[in-house]
Amino acid sequence: MFEKVLIANRGEVALRIHRACREMGIRTVAVHSEADANAMHVRLADEAVCIGPARSADSYLNKPAIISAAVITGADAIHPGFGFLSENADFAEMVEKHGITFIGPTVDQMRLMGDKITARKAAKEAGLPITEGSPALESVEDAKSWAEKIGYPIIIKAKDGGGGKGMKIAYSDGDIEEAFTMAKAEAKASFPSDVVYMEKYLQHPRHIEMQVLADKYGNVVHLGERDCSIQRNNQKVIEECPSPALNQSQRHEIGEIVRKAIAKIGYCNAGTLEFLYENGKFYFMEMNTRLQVEHPITEAITGIDIVKEQIRIASGAHLGYTQEDIQFNGHAIECRINAEDPATFIPCPGKITEWHAPGGLGVRVDSEIYSGYTIPPFYDSMIAKLIVHANTRNAALMRLRRALEEFVIMGVKTTIPLHQEIISQPEYLDGQYDIHWLENFMKSIQNKE
Ligand code: ADP
C-alpha cells in the first residue's frame, strides 16, 4: 500500500480524498494555490506545498509544479480528484515517468476514452448500445450527407469536448452549415483539436450513468446507476439512485452489459459510463475515467467507499468481492450547493459569516467550508454537497427537505432555495423528469414573475 498520497485538487474533493487516505493510514500532501492557503484540506493534510498563484493555469493545472511537489515530499501516488488534471493523459504519463502512481486507469485507457470518436468506437465494439453517429466530419457537405443518413435532429460535438461546450443541434438541412461552423469554432477555441462529429439527437432523454470498479486482474463489478437528469446548461444539479425510471430487471440487464464491456475493454480502476435513456433504451454517451462529483449517493446505497477502492486498485490490490456481493440498500439523493444567486446563477464568492451543516441519521455533507472561511472567486462555485440516504425514495425526499431546512449558510447567496423549490414540484416528487425538465421549470417561474 502507498505510504504517502499527493492530492492534486482543491475544495471538497481534496478533503474527501484526504479523509479516505487518513482512514487507510496513508499520509497526505496537499497542494494549493496562493488563494487557497487557508483551505480545510490544507490545514488537515500532513504536508502542504504551495504550487503557484490563484489562476488555475498557474497552479492546479501546472503539471511540473505538481510533480515537483510530489518528488520533493516523496509521495508515492497522486490522486487527481475530478476536474483539473483528472482526465489529462499527458499528466498521468508524466506522473508515471517519475515513478509515481497515478490513481486512475492507464494512460492508454484515458486517451481512448478522452476522445469521443475513439470512445464511441470502443464502446460499440464492446457491445454497448449507442446512438447512430458519424466519423470525423470533413466539411459542411459531409455533415449534410451524414445527417441525412442518421436522420434529423442531430447534434454536432467536438471530439475532445467536455463541460457541455461546443455542441450544436441541427433540426433540418437548413441548420447544418451554422451548426457545423459554430461547433468547429467553439472546439478550436476551447479544445486541443477542432475535429467534430455528429450523432442522433434524442429529444426527451434521461441522463443515467453506471458506476463501475475494475481491478488490474480483470475483475469487474458495477455499483448500479445514478439518475442525473436534473440539469442546467448540461451541468448536473441534483442526482439520485436508484433511478425512478428503472426497475430491477432493467438495472440488472444494463449492469451486465456494462460489466462485460468493461472487461472486454480491459479498463481498470473506477469509471462511469454515461448514457442517455429514452423509451426504455440506453445510448452510450461517454465514459469518465475518474471519480464523479455524485459518487457519494452510490456509496450510500452500496456501503462501498469508492475513493478507498480507487486507491486500493491503483496499489495493485484485488477487488476481493464479486457482483453477487454488491447489495443495493434504499435510496440516496445529492444536491449540489453552489455559492450563486439562485435566480441568476451569478457566482457569489465571499466570506462565510455563519455555517451550520445539517446532521442526523442518513445525512452527509461533503464541504470544505467552515465559519469565517472566504470563498475565493477563482474557481468552481460548488461549495457543498448534501447527500441523504433512507430506506425508500419518499423517506429520502422527506429527509432531504428537513436537511435543507436545517442548513445555515450566511454571508453569501446559495442555491439552497432552488433545491427546495425543485424538490417540492409534483414532477420531481413523481420521478417524472427528463434532462430538459429543470430548464423548462426555471422558464415557467421566470414567466410568472
Ligand atoms: P460533455 O463531455 O461536454 O459533458 P456529453 O457528451 O457528456 O458532453 O453531453 C453533455 C449533455 O448534453 C448530456 O448530459 C445531455 O444533456 C446532452 N446531450 C449530449 N448528447 C446528446 C444527444 N445525442 N441527444 C440529446 N442530448 C444530448
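No experiment lies behind these values; they were computed from the predicted model shown. We count ligands from 1, going down the list as the structure has it; atoms in each ligand are counted the same way.
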K.L.:
Of the protein's non-hydrogen atoms, which lies at the shortest distance from atom 18 (N) of ligand 1, and what is that distance?
P.N.:
Met285 SD, 4.1 Å

K.L.:
Using a distance-only test with no angle check, is there a side-chain donor-acceptor pair under 3.5 angstrom linking Arg226 and Gln211?
P.N.:
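On atom types as modelled, these side chains qualify, holding a pair under 3.5 Å.
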
K.L.:
Is the closest basic N to carboxylate O distance between Lys165 and Glu186 below 4.0 Å?
P.N.:
no

K.L.:
Using distance alone, with no hydrogens and no angle criterion, decide if Thr106 and Asp108 have a side-chain donor and acceptor under 3.5 Å apart.
P.N.:
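No, because no side-chain N or O of Thr106 sits under 3.5 Å from a partner of the opposite role on Asp108.
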
K.L.:
Show which atoms of ligand 1 fall inside a sub-4.0 Å distance from at least one heavy-atom site of Ile155.
P.N.:
22 (C), 23 (N)

K.L.:
For atom 10 (C) of ligand 1, which protein heavy atom lies nearest, and how many Å away is it?
P.N.:
Met167 CE, 3.8 Å

K.L.:
Carefully, step by step, assess Lys236 and Glu239 under the rule salt bridge (Lys or Arg N to Asp or Glu O under 4.0 Å).
P.N.:
CA-CA 7 Å; Lys236 300 162 187 167; Glu239 304 94 350; over 6 Å; no

K.L.:
Among protein heavy atoms, which sits nearest to atom 20 (N) of ligand 1, and what does the distance come to when rounded to 0.1 Å?
P.N.:
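For this ligand atom, the closest protein heavy atom is Lys157 NZ, 2.9 Å.
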
K.L.:
Who's the nearest protein heavy-atom neighbour of atom 24 (N) of ligand 1, and how far?
P.N.:
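Result: Leu202 N, 2.9 Å.
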
K.L.:
Return the option from His207, His204, Lys165 holding the heavy atom at the smallest distance from atom 14 (O) of ligand 1.
P.N.:
His207

K.L.:
Looking only at side-chain N and O atoms, does Glu199 offer a donor or acceptor that is under 3.5 Å from a partner on Tyr197?
P.N.:
yes

K.L.:
What residue and heavy atom of the protein are closest to atom 26 (N) of ligand 1, and at what distance?
P.N.:
Tyr201 CE1, 3.5 Å

K.L.:
Considering only protein heavy atoms, which is closest to atom 5 (P) of ligand 1, and at what distance to one decimal place?
P.N.:
Lys116 NZ, 3.6 Å

K.L.:
May I ask you to identify the nearest protein heavy atom to atom 11 (C) of ligand 1, giving residue, atom name and distance to one decimal place in Å?
P.N.:
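Scanning the protein heavy atoms, the shortest distance from atom 11 (C) of ligand 1 goes to Asn234 OD1, 3.5 Å.
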
K.L.:
For residues Asn219 and Asp215, is any side-chain donor paired with an opposing acceptor at under 3.5 Å?
P.N.:
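Asp215 and Asn219 do have a side-chain donor-acceptor pair below 3.5 Å.
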
K.L.:
State the atoms of ligand 1, each with its element, that fall below the 4.0 Å cut-off from a heavy-atom position in Glu274.
P.N.:
7 (O)

K.L.:
What pairs with Phe180 under ring pair (Phe, Tyr, Trp, His ring centres under 6.0 Å), at least two apart in sequence or on another chain?
P.N.:
none

K.L.:
May I have the list of side-chain donor-acceptor pairs in residues 140-151 shorter than 3.5 Å, sequence neighbours left out?
P.N.:
residue, atom, partner, partner atom, Å
Asp142, OD2, Glu138, N, 2.8
Ser145, OG, Asp142, O, 3.3

K.L.:
Check ligand 1 against Gln231 and write out every atom of the ligand that is under 4.0 Å from a heavy-atom position of the residue.
P.N.:
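The atoms of ligand 1 under 4.0 Å from a heavy atom of Gln231 are 14 (O), 16 (O).
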
K.L.:
Looking at ligand 1, is there an atom of it that comes within less than 4.0 Å of some heavy atom belonging to Gln203?
P.N.:
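For ligand 1, residue contact (heavy atoms, under 4.0 Å) with Gln203 is absent.
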
K.L.:
Considering non-hydrogen atoms of the protein only, which is the closest contact for atom 4 (O) of ligand 1, and what is the distance?
P.N.:
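Atom 4 (O) of ligand 1 sits closest to the protein heavy atom Gly164 N, 3.5 Å.
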
K.L.:
Tell me if the centroids of the rings in Tyr428 and Phe441 come within less than 6.0 Å of each other.
P.N.:
no

K.L.:
Between Leu276, Ile154, Ile169, flag the one that comes closest to atom 21 (C) of ligand 1 by a heavy atom.
P.N.:
Leu276

